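Source: prediction; values computed, not measured.
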2 protein chains.
Amino acid sequence: MDLKQLKSLISVVENNLNISQAADQLHLVQSAVSQQISRLEEEIGVKLFNRKGKRLAGLTPVGDEIVAYAYRTLANANSILEIAHDHINEFEGMLRIGTTHTQAQYILPPVIKAFSQEYPEVELQIHQGTPQQLVTKALHDEVDFAICTEALSESKDLVSMPSYNWNRSLITLKDSALLESDEITLEKLSTYPIVTYVHGFTGREVFNETFKKAGLKPQIVLSAADTDVIKTYVRSGMGVGVIANMTYVTDKDSDLVLRDLSELFPWETTKIAYKKDKYLRRHQQRFIDLFQGSVLKQEGLVAP
Amino acid sequence: MDLKQLKSLISVVENNLNISQAADQLHLVQSAVSQQISRLEEEIGVKLFNRKGKRLAGLTPVGDEIVAYAYRTLANANSILEIAHDHINEFEGMLRIGTTHTQAQYILPPVIKAFSQEYPEVELQIHQGTPQQLVTKALHDEVDFAICTEALSESKDLVSMPSYNWNRSLITLKDSALLESDEITLEKLSTYPIVTYVHGFTGREVFNETFKKAGLKPQIVLSAADTDVIKTYVRSGMGVGVIANMTYVTDKDSDLVLRDLSELFPWETTKIAYKKDKYLRRHQQRFIDLFQGSVLKQEGLVAP
DNA sequence: TCAGCTTACGGCTCACGTAACAATA
DNA sequence: TATTGTTACGTGAGCCGTAAGCTGA
């Protein structure tokens, strides 16, 4: 067995069982990849793919199991290269962060800035996606870190480190009727049209849960993955906004009134996660430190 | 990079940096292995070994890190072969159990018997060693399972499953003065010469701790890794024996008097462990089931 | 008919083995 | 001097690419 064969296998799987595409990706001709797969199958004595005539039509059950271990094998082999590169030049390389819009826009900028001053030669990539997508990307080594609030703890193949706690705030136009009452309750809130995050993002599940437990049904008139969009529609008068508290920017959002809602909702924890067994290069380790340090310094991000 | 290169690397490390020996083990000539290492070092751009002239004189720090990942890479690659073999013939193969004398002699026989009836074609190996050695063997894939009481929980790279609880019993000759008192206490015990297990085996640490906490010092006249040896010396009148309760065999040991000591000492837990991420072949999984099931059936092995 | 996989075959790379050399203990 | 690692070099296995043959859609 050979790493080349495993690479071919994975590439074929990732290209929807299209050997020709896989060959392109691997910079080989199609017959070469075909041979790799054949040899692998012959060597281990098991068919990896179901075939319809000469077309591939899905992985066999064994193939499926083997693909999982092929991923791990290649990931470990890759770590060896990373260790070596790290030792040759700590300051060169790449850092791929997978995160949601909220983090990328409101939390990461100071961290990224500090990091890139320390490591100007390291190429930074920010991959955006839903928490579920980020988990997948981290597991398939398409990003080095995933930073978000949801989904990270659900995979036991990720190491996830709690980074900071946050809760929700209300934003409204200055003349909103909701502001007239001294205390805002879930009940009152549920009588107003609300603009907040879509399913899967930035604590929306917990948001729903909270209303449900109280026997209430919020009126969501619009939901978005993106706090900027929420603010825009609140400004246009569509409803009151419920956003993560760290996304209110005093300078730019002073036309909106802010009310803390942390008495009404549970606290949330944003985490940074990476694949278990991943070798962390020194600059990657440093990024984690910077992230954990920076978020602690920002006001209001840590639970009382 | 190539799996062959990693195999060479590991083999050299395991043969105390002796390339010639490694070559023998790999069924290659010495120059071939030498070249593998050179090519690997050149390819990743890092020296893996410190050299004194032309002799290898230790791993570099990078080399050390890389060796750890090389182990994992090969273990995963190996899992792929196991998956395939398992699918071709679940009933063929090998099962390597690492355990202590106590388990091998008093607990495993019925499990082994049942297993080998189900899988007559599977070759069984019992590797004996100290708990520490068993951990190492399991981590380096020299055994499939380690079964013992100590040391297993200390490595986070092992999955260990609690299997059964046991405590200690006293064995003496029939005319021992210790038997005259109705209740046996730690204090009384400490006035008699004791024969029990050596350091590192079968609960000896906890045994020591228990006396120490009570402010007592037991008189250990002889210690052994092996219950049979302990019994022999108790029979010869050297002292009273403190043994694991599951090692008293009513049929054969009726010349010795048995007293339960579980009021005096904490309970111990024997576990079965395997390397995290290891692929378990079906017959291996079955062995665990048999082991867990069998020990539950045996009387007196589970804490009240 | 086209897209896509397999098979046959030739060339070439590269890993292994032999052998000579170098260096340590 | 014996043991062990490196280097040089010839050979052969095996991988890649070209090209022709199949086979579903």
Side-chain angles (χ1 to χ4, degrees), chain A residues 1-60 62-63 66-67 70 73-74 77 80-81, chain B residues 1-60 62-63 66-67 70 73-74 77 80-81:
Chain A
M1 197 169 48
D2 192 335
L3 288 178
K4 279 186 191 173
Q5 295 169 344
L6 300 182
K7 276 181 196 157
S8 294
L9 170 61
I10 298 250
S11 183
V12 169
V13 171
E14 288 190 341
N15 287 282
N16 303 312
L17 311 184
N18 185 321
I19 297 190
S20 311
Q21 269 184 47
D24 283 353
Q25 183 186 306
L26 295 167
H27 304 291
L28 290 172
V29 295
Q30 184 257 18
S31 77
V33 178
S34 198
Q35 289 174 61
Q36 297 277 18
I37 303 285
S38 305
R39 256 177 279 127
L40 180 58
E41 286 183 324
E42 192 183 4
E43 223 175 294
I44 67 180
V46 165
K47 286 282 172 215
L48 297 170
F49 295 101
N50 295 316
R51 288 171 171 81
K52 269 197 175 177
K54 297 202 170 183
R55 313 243 162 165
L56 302 191
L59 282 162
T60 61
V62 209
I66 287 181
V67 164
T73 310
L74 292 178
I80 292 179
L81 295 177
Chain B
M1 197 168 49
D2 192 335
L3 289 178
K4 280 185 190 173
Q5 295 169 344
L6 299 183
K7 276 181 197 159
S8 294
L9 171 61
I10 298 263
S11 183
V12 169
V13 171
E14 288 190 340
N15 286 283
N16 302 311
L17 311 184
N18 185 321
I19 296 189
S20 311
Q21 269 184 48
D24 282 354
Q25 183 186 307
L26 296 167
H27 305 292
L28 290 172
V29 295
Q30 183 255 27
S31 76
V33 179
S34 198
Q35 288 173 62
Q36 296 276 18
I37 303 286
S38 305
R39 255 177 282 128
L40 180 57
E41 285 182 325
E42 192 183 3
E43 222 174 295
I44 67 179
V46 164
K47 287 280 171 214
L48 297 170
F49 294 102
N50 295 316
R51 288 170 169 80
K52 267 196 174 175
K54 295 203 169 183
R55 312 242 161 168
L56 303 190
L59 282 162
T60 60
V62 209
I66 287 181
V67 165
T73 310
L74 292 178
I80 293 178
L81 296 177

Between [N] ([atom2]) and [X] ([atom1]): distance, integer Å:
| X | N | atom1 | atom2 | value |
| --- | --- | --- | --- | --- |
| D24(B) | dC16(C) | CG | C1' | 15 Å |
| K52(B) | dT6(D) | NZ | P | 16 Å |
| E41(A) | dC5(C) | CD | P | 13 Å |
| E43(A) | dC15(D) | CD | C1' | 13 Å |
| D2(A) | dC14(C) | CG | C1' | 13 Å |
| K4(B) | dC14(C) | NZ | P | 13 Å |
| N50(A) | dC5(C) | CG | P | 15 Å |
| Q35(A) | dG4(C) | CD | C1' | 15 Å |

Under 4.0 Å from OP1 or OP2 of [N]: is there any side-chain N or O of [X] that close?
| X | N | value |
| --- | --- | --- |
| R51(B) | dA23(C) | no |
| R39(B) | dC16(C) | yes |
| Q30(A) | dG17(D) | no |

- Message: V29(A) vs V33(A), test: side-chain contact (heavy atoms from CB on, under 4.5 Å). Steps then yes/no.
- Response: CA-CA 7 Å; V29(A) 295; V33(A) 178; over 6 Å; no

- Task: Compare the minimum distances between each of dC15(D), dC16(C), dT18(D) and the side chain of Q36(A), then state the nucleotide with the smallest one.
- Result: dC15(D)

- Counting side-chain heavy atoms from C-beta on, which of dT7(D), dG4(C), dG17(D) comes nearest to N18(A)? dG4(C)

Between [X] (side chain) and [Y] (backbone), is there a donor-acceptor pair under 3.5 Å?
| X | Y | answer |
| --- | --- | --- |
| D2(A) | K4(A) | yes |
| N15(A) | L17(A) | no |
| S8(B) | Q36(B) | no |
| E41(A) | K47(A) | no |

- Message: Please compare L56(B) and V33(A) by the position of their nearest nucleotide in DNA chain D and report the one closer to 5'.
- Response: L56(B)

- Could you pick out which residue, Q5(A) or S20(B), lies toward the 5' side of DNA chain D when each is mapped onto its nearest nucleotide? S20(B)

- Checking all strands, does L17(B) fall into the base, sugar-phosphate, or nothing category for heavy-atom contacts under 4.0 angstrom? sugar-phosphate

- Item | No-H, no-angle donor-acceptor pair, R55(A) side chain to dA3(C) base, under 3.5 Å | yes

- Query: With distance as the sole criterion, do the side chain of S34(A) and the base of dT7(C) form a donor-acceptor contact below 3.5 Å?
  - Reply: no

